[in-house]
> 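Have a look at this one.
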Amino acid sequence: QVQLVESGGGLVQPGGSLRLSCVASRSISHFHAMGWYRQAPGKQRELVAAITSGGTTNYAESVKGRFTISRDNAKNTVYLQMNSLKDEDTAVYSCYAAPTVLTPRGLWHWGQGTQVTVSS
């Protein structure tokens, strides 16, 4: 089992930036993919960004050009740099780790989530 702990959320004005971190309790180098989902009140959870062990990234259309995902295997950490934040980015952001490409979502590892609020 692995624990994922997110940090870096908070309150920021529109146009501002935040960097989320997701620290794993053990090595992440063997995970097929890690990334971030978000869920806003009354909305479905959506994938924000993902990065594979090979460094391939994937982003939701709504965040392309504004968010950047990266991973530091030496620090067992995945980051989400969020720039030019908008009100609609307000949500709880949760980190996940998918052990293999075949692992069903129900067996992924999840963090507890961190709140991001974009408001003036």
> Just how far is it from atom CD of E88 to atom CZ of R38, taken to the nearest 0.5 Å?
8.0 Å
> List the residues meeting ring pair (Phe, Tyr, Trp, His ring centres under 6.0 Å) with Y96, not counting sequence neighbours, and say none if there are none.
Y37, W108, W110
> Might you work through the side-chain contact (heavy atoms from CB on, under 4.5 Å) test for H32 and L102, ending with a clear yes or no?
CA-CA 9 Å; H32 162 65; L102 298 177; over 6 Å; no
> Heavy-atom distance under 4.5 Å between the side chains of K86 and S62, does that happen here?
no
> Between N58 and L47, is any pair of side-chain heavy atoms under 4.5 Å apart?
yes
> Would you verify whether the NZ or CZ of R19 falls within 45 degrees of the ring axis of Y79 while also being under 6.0 Å from that six-membered ring's centre?
yes
> Working to the nearest 0.5 angstrom, can you tell me the gap between Q3 CD and Q1 CD?
6.0 Å
> Roughly how far apart are T114 OG1 and Q112 CD, rounded to 0.5 Å?
11.5 Å
> How long is the gap from CZ on R71 to OG on S29, to the nearest 0.5 Å?
8.0 Å
> Within a strict 4.5 Å, meaning less than it, do heavy atoms of the H109 and P99 side chains meet?
yes
> Can you check whether T100 reaches H30 side chain to side chain, under 4.5 Å on heavy atoms?
no
> Which ILVMFWY residues are connected to L20, directly or by a chain of links, through side-chain heavy atoms under 4.5 Å apart?
V2, L4, V12, L18, I28, F31, M34, W36, V48, I51, Y59, V63, F67, I69, V78, L80, M82, L85, Y93, V116, V118
> Side chains of S17 and N83: donor-acceptor distance under 3.5 Å anywhere?
yes
> Is any side-chain heavy atom of P14 less than 4.5 Å from a side-chain heavy atom of D87?
yes
> Is a side-chain donor or acceptor of T117 paired with a backbone partner of L11 at a separation under 3.5 angstrom?
no
> Please say whether more than 12 non-hydrogen atoms of neighbouring residues, nucleotides or ligands are located less than 6.0 Å from CD in E46.
yes
> Would a distance-only check, ignoring hydrogens and angles, find a side-chain to backbone donor-acceptor pair under 3.5 Å from T103 to V101?
no
> Spell out, as yes or no, whether a donor-acceptor pair under 3.5 Å connects the side chain of E6 to the backbone of G113.
yes
